[in-house]
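Here's the structure, in structure tokens; my notes come after.
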Amino acid sequence: MKKGDHLFLVDGSGYIFRAYHALPPLTRKSDGLPTNAVLGFCNMVWKLMRDARDTDVGVTPTHFAVIFDYSSKTFRNELYPEYKANRSAPPEDLVPQFGLIRHATRAFNLPCVEMEGFEADDLIATYCRMAEEAGADATIISSDKDLMQLVSPSVSMYDPMKDHQIGIPEVIEKWGVPPEKMIDLQALTGDSVDNIPGIPGIGPKTAAQLLEQYGDLDTLLARAGEIKQPKRRESIIENTGKARLSRELVTLKRDVPVNEVPDDFALEPANGPKLVAFLKAMEFTTLTRRVAEATGTEAGEVEAADVPVERADTAHGPDMDEVASATTDEAGTETAPAADEGDTPARLADRRAEAATAEKIDVDAYHTITDLQTLTDWIAEAFETGVVAFDTETTSLDPMQAELVGFSLAPRPGRAAYVPLGHRQGAGDLLGGGPVEGQLPVREALAALKPLMEAPSVLKIAQNLKYDLVVMSRYGVDIAPYDDTMLLSYVLDGGAARGHGMDSLAEKWLGHKTIQFGEVAGTGKSFIGFENVAIDKATRYAGEDADVTLRLWQVLKPRLAAKGLVSVYERLERPLVPVLARMEQRGISVDRQILSRLSGELAQGAAAIEEEIYGLIGERINIGSPKQLGDILFGRMGLPGGSKTKTGQWSTSAQLLEDLAAEGHELPRKIVDWRQLTKLKSTYTDALPGYINPQTGRVHTNFALAATTTGRLSSSDPNLQNIPVRTAEGRKIRTAFVADKGYRLVSADYSQIELRVLAHVADIAQLKQAFAEGADIHATTASEMFGVPVEGMPSEVRRRAKAINFGIIYGISAFGLANQLSIPREEASAYIKKYFERFPGIRDYIEETKAYARENGYVETVFGRRIHYPEIRSPNPSVRAFNERASINARLQGTAADIIRRAMVRIEPALADAKLSARMLLQVHDELIFEVADDEVEATIPVICEVMENAPMPARALSVPLKVDARAAHNWDEAH
DNA sequence: ACAGAAGCTTA
DNA sequence: GTAAGCTTCTGTT
């Protein structure tokens, strides 16, 4: 053990009693073995190991041990025969659980430590001392006051049941004395539970006050005669002996001759199969499933361990069958299949990938289920394995319109079934055909399926679960718990893979070419809809989807742990699925009348400009064709300054036309205006009404979770993340996005979040200070660079600094900055040089990021998301430079994206806690839009701002404050 | 019917 | 200079 290591010591015996009393009686179904304390203990240890690995706790144990009392007789009984004498025998149904909990500890691959003649507390005290001497830290998992004397700057306590940390301040707060005086305090107060006498009439308050006054117990006893209160004085003088004895009893022994040293407690990876085997034997279905999921174990393939149970007559009191050196002993009876022994996460992941490609996928082996009994049998099988891949087949890509046509289940690799529900035949007939005979009625099938989908003990696995979640929610079925293979791939290979669709994942990981949807249901004109696909064909397609999804999960899930990406997946990806599903389902109201009126105005405006353009060029060309336009402008009319695009066409970009207009040319200005109007009309006012759902009357966008490289969301069908805002004309579109009657839209957006992230990660003192003071960041930058005071600064100076600030976020280049500011490249270079002289920390940050990306092939956000740049080492300088800029931007944009994801996950519970009914509707990268009842607006805004501003905590504390601006109005234009 | 380019909208 | 999605035009299948 060395400096920086962290030893976790669990007070096992303490938890046995606590768990037993805290939990309702529970017995193993098969034979009535009492197991409530075992379950409580296992849940606690599991939670501890999961949380501790998570960045959010901030502490990662490197060493871990569970400490138990050995027997009820210890050296304290020789000191004082009455010690703990009033303890009654443990309850009958707790006795057999002592041994089981030791088995549990070993199943967790954790050392199980105890020693004859000493209490667990003495061993804990000894190991804390050893850790401190090695320069390491220790955390005692207990909230027992007897252990508080051990708290120090490097030793703290933690209560996982109450999620409560106890350090020096907490001890002082609770007892009024620092940890080193806890012994004296306990000596004075005594303890009726342990039969420690103390001084009668003195409780914790008096004891603390006396110790404050006299310093320590010995001084107090020596000067007891000075005490004013007669009764108290007499009692202390009379019971001096008892106090001294009590002190000996409560003082923990820090020099127990232990058989193991902390080095022996180095934390090893969990042995999934071994732990699952034990949990299965205990018949803890939910925990078994959780552990199987997290460790990538196939619960269905692991046999329940044969755990010996002590008979009540031989097991009197805490465990007699174990010796102190049992730390690493393995009871042969409880070991898992030999193949998995000693697996590291990385090796398990590799083995899974190999196995997945080895076993061939046979699409003709899948079953078609048309009767309830068979369906019930398959569902029971899924309950048995604890894992099931699930997929829906529907009539539409839009989950808000889709009707269920069937679903498929795969409880084991290679074993999948399709349940047709809404297939039709005879579509060619005049009447459009009718339902295929012999299918299960939708209601009957879903009634059977629902308990499985909602069972906490069965993990549901899907590819792009959000779609199925929205569809199934409309049929009254919830899905939880779940994993999503698309998100697993996104977290593992963001930036490295082209896409995370099932087809490409199957090809990549399983070497399998999947049946294409188009082959089954046709494409384009030949598209018939899944409801018209023949059932045997549908079974092959849908069965394969479920089978492939399950196999992908088996390959991908273990890789998560192997690469340390569990918390990214569990905190930033998986919990967002139902949040986004609800946002999509709610949709937003769009006012048809407003759009229709705007559309008319735009049509008129465009038509008028069109005539003027025709007049100027003397010909009725297609203005929307850049090719025709370029030929006229630069060919026939011979306007100056023409440049070519990479395909050799004349460029007619807005920038270029603006430049020409600035030189006094009439035509380019009109073309720019015409383009703006036609763009607004075609993309927004004409297209949006078509997205209004006939049932809900609202627009339901689709938010993609796994579409961008940086971790941002994207929105499509329609894209509601690019609704115009910059021009007055464009903003009119926003007035059509409205709140329902009695509601307001609330828009809350992060102010300068990416620049704040930059100030934090690059650690730039001037920027951090400016943000802390709430200063104008661009003006501050300009002032630093050009030595101009912020007061009375010319707007052009500030504009240039602003362009540079944004340039940094985009991975600045002289070429880009020159373009942005319309200045010569040399001038832009000089600005950048000057900027780096004033902010050398930012140049360092950029260089570090490039070097890291080159070295590792990826960069990481503050929250650990990895973004891959496989081409970062390209020999092509422009490809390389592009990847460098992208990687610089990705850390900043990605961190900002992580922050708003965290806020989105927390906002719903925060609103519920505050008894507020606000509904989150949209996310636009740094902005969240809510629909809020009129009379709740005032109370809701602070809750939203609070959650958003504190979103990085407690995982990361940014060294820069986040600021959120929020406004309420009847439409989106006024709220923004 | 589809794919790519050009252009334009957002953060 | 970063990250997206949609519309139109154009050429190919």
Side-chain angles (χ1 to χ4, degrees), chain A residues 494-495 518 522-527 621-630 644-657 671-672 674-684 686-688 690-691 701-704 707-727 729-731 733-734 749-755 758 803-821 825 828 832 846 859 867 869 878 881-894 896-897 900 922-927 976:
Chain A
T523 58
K525 225 174 177 180
S526 64
F527 178 70
I621 63 160
N622 182 350
I623 307 171
S625 162
K627 187 177 183 295
Q628 293 181 37
L629 198 61
K644 298 282 180 77
T645 65
K646 62 183 166 196
T647 52
Q649 294 292 321
W650 289 107
S651 168
T652 65
S653 69
Q655 175 68 60
L656 195 142
L657 296 180
I671 293 166
V672 169
W674 179 87
R675 278 187 181 164
Q676 190 199 2
L677 300 186
T678 52
K679 172 78 178 177
L680 292 175
K681 184 170 184 291
S682 67
T683 308
Y684 302 104
D686 289 353
L688 280 172
Y691 285 101
T701 184
N702 171 55
F703 285 110
T708 71
T709 45
T710 56
R712 275 189 177 180
L713 303 181
S714 79
S715 157
S716 63
D717 309 298
N719 179 356
L720 296 185
Q721 290 180 323
N722 71 346
I723 303 302
V725 72
R726 289 204 233 268
T727 66
E729 277 298 304
R731 269 200 300 277
I733 312 272
R734 290 199 170 209
D749 67 299
Y750 283 108
S751 161
Q752 312 276 20
I753 186 167
E754 288 177 10
L755 273 180
L758 171 70
I804 294 173
N805 278 336
F806 276 98
I808 298 295
I809 292 171
Y810 298 152
I812 202 153
S813 77
F815 180 84
L817 184 64
N819 265 343
Q820 178 67 30
L821 289 173
R825 186 136 31 126
I832 295 169
I846 288 172
V859 292
I867 299 145
Y869 289 95
S878 73
F882 173 79
N883 278 273
E884 287 172 353
R885 288 194 299 273
S887 62
I888 291 160
N889 173 255
R891 283 180 74 187
L892 307 172
Q893 188 182 113
I900 198 165
L922 300 177
Q923 187 250 43
V924 191
H925 309 309
D926 64 358
E927 176 188 14
H976 184 72

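Letters A, B, ... mirror the listed sequences (proteins, then strands); counts begin at 1.
A search for salt bridge (charged side-chain N to carboxylate O under 4.0 Å, His left out) contacts involving A/R712 returns A/E754, not counting sequence neighbours.
The interatomic distance linking A/I753 (CD1) with C/dA3 (P) rounds to 18 Å, in whole Å. If you measure from atom CD1 of A/I846 to atom C1' of C/dT2, you get 13 Å, rounded to the nearest angstrom. Computed from coordinates, the A/I804 CD1 to C/dT2 P distance equals 17 Å when rounded to whole Å. Rounded to an integer number of Å, the gap from A/H925 NE2 to C/dA4 P is 10 Å.
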- [ ] Could you run through nucleotides 6-13 of chain C and give me one letter per nucleotide, 5' to 3': B if any protein heavy atom sits under 4.0 Å from the base, S if only the sugar-phosphate is that close, - if neither?
- [x] BSSSSS--

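Note that the first and last nucleotides of DNA chain B, 5' to 3', having any atom under 4.0 angstrom from a heavy atom of chain A are B/dA1 to B/dA11.
A donor-acceptor pair shorter than 3.5 Å can be found between the side chains of A/Q676 and A/T727. Donor-acceptor pairing under 3.5 Å is recorded for the side chains of A/S715 and A/T701. No side-chain donor from either of A/R825 and A/S813 sits under 3.5 Å from a side-chain acceptor of the other. Between the side chains of A/Q893 and A/H925, no donor-acceptor pair of N or O atoms lies under 3.5 Å.
Residue-level contact check: A/S813 touches the bases, meaning some heavy atom is under 4.0 Å from a base atom. Within 4.0 Å (heavy atoms only), A/T709 reaches sugar-phosphate atoms of the nucleic acid but no base atom. Among the protein residues, A/A818 comes within range of no part of the nucleic acid, since none of its heavy atoms lies under 4.0 Å from any strand. The residue A/I809 sits apart from the nucleic acid: no heavy atom pair falls under 4.0 Å. Here A/I723 lies in heavy-atom contact (under 4.0 Å) with sugar-phosphate atoms only. In this structure, A/Y684 reaches the sugar-phosphate backbone alone: every heavy-atom distance under 4.0 Å involves primed, P, OP1 or OP2 atoms, never a base. If you check every strand for non-hydrogen atoms under 4.0 Å, A/A654 touches sugar and phosphate atoms only. Residue-level contact check: A/R726 touches the bases, meaning some heavy atom is under 4.0 Å from a base atom. In this structure, A/D749 reaches neither bases nor backbone, as no heavy-atom distance under 4.0 Å exists between it and the strands shown.
Using a 4.5 Å cut-off on side-chain heavy atoms (C-beta onward), A/Q721 and A/F703 make contact. Considering only heavy atoms from C-beta on, A/L657 comes within 4.5 Å of A/R675 through its side chain.
Put simply, A/R712 has no side-chain N or O that comes within less than 4.0 Å of OP1 or OP2 on C/dA3.
Checking side-chain atoms of A/S526 against main-chain N and O of A/G522 turns up no donor-acceptor pair under 3.5 Å.
Note that CG of A/D717 is 6.0 Å distant from CG of A/N702, once rounded to the nearest 0.5 Å.
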